[in-house]
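Each chain gets a letter, A, B and so on, in the order the sequences are listed, and its residues count up from 1.
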There are 2 protein chains.
Amino acid sequence: MAANTPRSYCPINLSLEIFGDTWTLLVLRDMMFSGKRHFRELLQSDERISTNILADRLARLVAHGLLTKADDPTHKQKAIYSLTEPAIALLPVIVQIGAWSSRWVPDARKLDAASRKFLRELQEAGPRAWARRMDELRALHLGQGA
Amino acid sequence: MAANTPRSYCPINLSLEIFGDTWTLLVLRDMMFSGKRHFRELLQSDERISTNILADRLARLVAHGLLTKADDPTHKQKAIYSLTEPAIALLPVIVQIGAWSSRWVPDARKLDAASRKFLRELQEAGPRAWARRMDELRALHLGQGA
DNA sequence: CTTCAGTGCTTGCGTTTCGCAACCAGTTGG
DNA sequence: CCAACTGGTTGCGAAACGCAAGCACTGAAG
């Protein structure tokens with residue numbers, strides 16, 4: 001189910017075959033910026049992803065090496081998902097995608113004030129702030145959680 | 001057919017509702033880096049987009065204000081598509097998406113040498129080179145072609 | 001010891017989208 | 001007048017989506 005031959009070896013295309021859909025980047029967004037790591041947490045996004053889609057995307061992300069899945073020691077049925085280095089490396093892309101729509105998509109003005117402020121600070125702080133967040137994620141996800 | 005209410009006002013989500021699919025960014029890639037501006041040219045990509053999908057994506061991009069469509073003076077049946085400023089503003093995102101996969105996706109090593117070289121130079125040249133390319137696109141697409 | 005909420009999913013099923021091929025009306029150069 | 005080219009449409013089978021329900025299991029509370 002994972003390794004179909006790619007339509008082309010263009011880097012843009014290879015990326016899109018991994019996260020070029022509606023939901024994958026939203027899952028990563030929630031893991032990066034909302035600290036979600038469990039299935040039930042990831043279900044709670046504003047966009048109302050359904051359980052089968054979420055299960056599929058998590059499986060794909062694991063298959064592509066962007067996530068790892070491990071047992072949560074506190075509960076035998078809990079699974080805990082961790083970002084890998086390739087996934088963390090996507091943070092700048094995700095931030096810039098957000099920056100683009102907040103600049104160019106009219107609906108973005110309807111975002112709540114708190115989120116707008118958070119986003120504005122993240123942008124003004126620039127790549128240094130992204131790198132800091134990436135280091136935090138490495139500590140959280142690569143340190144021991146995996 | 002265009003203005004459904006968004007699933008959420010999160011900037012990431014708003015972006016993905018515009019170009020969060022397999023084909024849209026590939027169309028923009030071809031317009032930005034291969035100079036394609038006609039329907040039949042855009043059909044010739046390595047990924048083999050089909051005519052109905054291409055027609056649909058072009059219409060959506062026009063509806064979202066990322067492209068404009070005009071008559072080609074040299075041929076009464078030719079349509080010429082032009083990038084708008086919001087589309088040109090997506091260039092850094094597209095470049096970084098390409099950079100990510102060439103760093104993290106194993107298949108990217110199978111890209112032909114010429115393309116790899118082009119990509120490497122574009123990355124090493126950094127944001128300055130992106131800005132230069134964006135200026136070129138503005139001249140080509142906003143200057144008179146629209 | 002029994003309930004009951006919480007865990008990560010899976011399954012069915014109707015709707016939408018995709019992907020392929022064929023086709024089409026109009027245009028232009030030879 | 002014809003052949004090639006223009007930007008698409010249309011039909012149809014296959015795949016993906018989106019929703020709701022269900023499921024086997026766990027752990028804490030009563």
Side-chain angles (χ1 to χ4, degrees), chain A residues 1-8 13 16-27 30-31 36-64 67-82 145-146, chain B residues 1-8 13 16-27 30-31 36-64 67-82 145-146:
Chain A
M1 78 173 64
N4 294 343
T5 74
R7 277 184 304 250
S8 83
N13 179 62
L16 292 174
E17 293 197 14
I18 293 175
F19 56 79
D21 74 286
T22 308
W23 294 109
T24 302
L25 285 184
L26 294 179
V27 170
D30 287 344
M31 292 190 68
K36 300 180 182 180
R37 306 190 64 171
H38 301 291
F39 192 91
R40 288 293 226 262
E41 287 175 336
L42 289 163
L43 272 184
Q44 300 306 315
S45 64
D46 290 342
E47 294 86 9
R48 304 209 131 277
I49 189 172
S50 57
T51 56
N52 52 348
I53 305 291
L54 178 58
D56 177 78
R57 293 307 184 276
L58 288 171
R60 283 185 199 224
L61 284 167
V62 169
H64 282 116
L67 295 182
T68 54
K69 180 182 178 179
D71 294 336
D72 188 325
T74 71
H75 189 304
K76 284 189 179 174
Q77 267 201 334
K78 259 186 173 172
I80 188 164
Y81 290 93
S82 300
Chain B
M1 77 172 66
N4 295 343
T5 72
R7 276 184 304 252
S8 83
N13 180 62
L16 292 175
E17 292 198 12
I18 293 175
F19 56 79
D21 74 286
T22 308
W23 294 109
T24 301
L25 286 183
L26 294 178
V27 171
D30 287 345
M31 293 190 68
K36 301 180 181 178
R37 306 191 63 171
H38 301 293
F39 192 92
R40 286 297 224 257
E41 288 175 336
L42 289 164
L43 272 184
Q44 299 308 314
S45 63
D46 290 342
E47 294 86 9
R48 304 210 133 278
I49 189 172
S50 57
T51 57
N52 52 348
I53 304 291
L54 177 58
D56 176 78
R57 293 308 185 274
L58 287 171
R60 283 185 200 224
L61 283 166
V62 170
H64 282 116
L67 296 182
T68 55
K69 180 182 180 179
D71 293 336
D72 188 325
T74 71
H75 190 305
K76 285 188 179 173
Q77 268 200 333
K78 258 185 173 174
I80 187 164
Y81 290 93
S82 300

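Taking atom CG of residue Asp56(A) and atom P of nucleotide dG18(D), one finds them 11 Å apart after rounding to whole Å. For the pair Asp21(B) CG and dT17(C) P, the computed distance is 12 Å after rounding to whole Å. The separation between His38(B) atom NE2 and dA4(D) atom P is 21 Å, rounded to whole Å. Across the protein-nucleic acid pair, Ile49(B) atom CD1 and dG19(C) atom P stand 9 Å apart, rounded to whole Å. Going from atom CD1 of Ile53(B) over to atom C1' of dG7(D) covers 16 Å, rounded to whole Å. Rounded to whole angstrom, the span from the CG atom of Leu42(A) across to the P atom of dG6(C) amounts to 18 Å. Spacing between atom CD of Glu47(B) and atom C1' of dC18(C) amounts to 16 Å, rounded to whole angstrom units. For Glu41(A) and dT7(C), the CD to P distance is 8 Å, given to the nearest whole Å.
Between Arg7(B) and Glu47(A), the shortest heavy-atom distance links the atoms CD-O, 3.8 Å. Contact detail for Lys69(B) and Ala79(B): the closest heavy-atom pair is CE-CB, 3.8 Å. Looking at every heavy atom in both residues, Gln44(B) comes nearest to Lys36(B) through C-NZ, 4.0 Å. Shortest non-hydrogen contact noted between Asp21(B) and Leu16(A) is O-CD2, 4.4 Å.
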(message) Would Ile18(B) and Thr24(B) count as a side-chain contact (heavy atoms from CB on, under 4.5 Å) here? Give the steps.
(response) CA-CA 8 Å; Ile18(B) 293 175; Thr24(B) 301; 5.7 Å; no
Give every pair of a protein N or O atom and an N or O atom of nucleotides 8-11 of chain D that lie under 3.5 Å apart, one pair per line with the distance.
residue: dG8(D); atom: OP1; partner: Lys69(B); partner atom: NZ; Å: 2.9
residue: dG8(D); atom: OP2; partner: Lys69(B); partner atom: NZ; Å: 3.3
residue: dG8(D); atom: OP2; partner: Tyr81(B); partner atom: OH; Å: 2.3
residue: dT9(D); atom: O4; partner: Thr51(B); partner atom: OG1; Å: 2.6

What protein N or O atoms touch nucleotides 27-30 of chain C N or O atoms at under 3.5 angstrom, if any, and at what distances?
residue: dT28(C); atom: OP1; partner: Lys76(B); partner atom: N; Å: 3.1

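Between Trp23(A) and dC17(D) there is no side-chain N or O to OP1 or OP2 distance below 4.0 Å. Note on Arg37(B): every side-chain N or O is 4.0 Å or more away from OP1 and OP2 of dG7(D).
Inter-residue side-chain proximity for Lys78(B) and Asp71(B) is flagged as unmet; no heavy-atom pair is nearer than 4.5 Å. The shortest distance between side-chain heavy atoms of Leu42(A) and Met31(A) falls below 4.5 Å.
Counting non-hydrogen atoms under 4.0 angstrom, Arg7(B) reaches nothing in the nucleic acid.
Using modelled atom types, one side-chain atom of Asn13(B) and one backbone atom of Ser8(B) make a donor-acceptor pair closer than 3.5 Å.
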Pair up each side-chain donor or acceptor in residues 49-56 of chain A with any protein partner under 3.5 Å, not counting sequence neighbours, and list the distances.
residue: Ser50(A); atom: OG; partner: Asn52(A); partner atom: OD1; Å: 2.9
residue: Asp56(A); atom: OD2; partner: Arg60(A); partner atom: NE; Å: 2.9

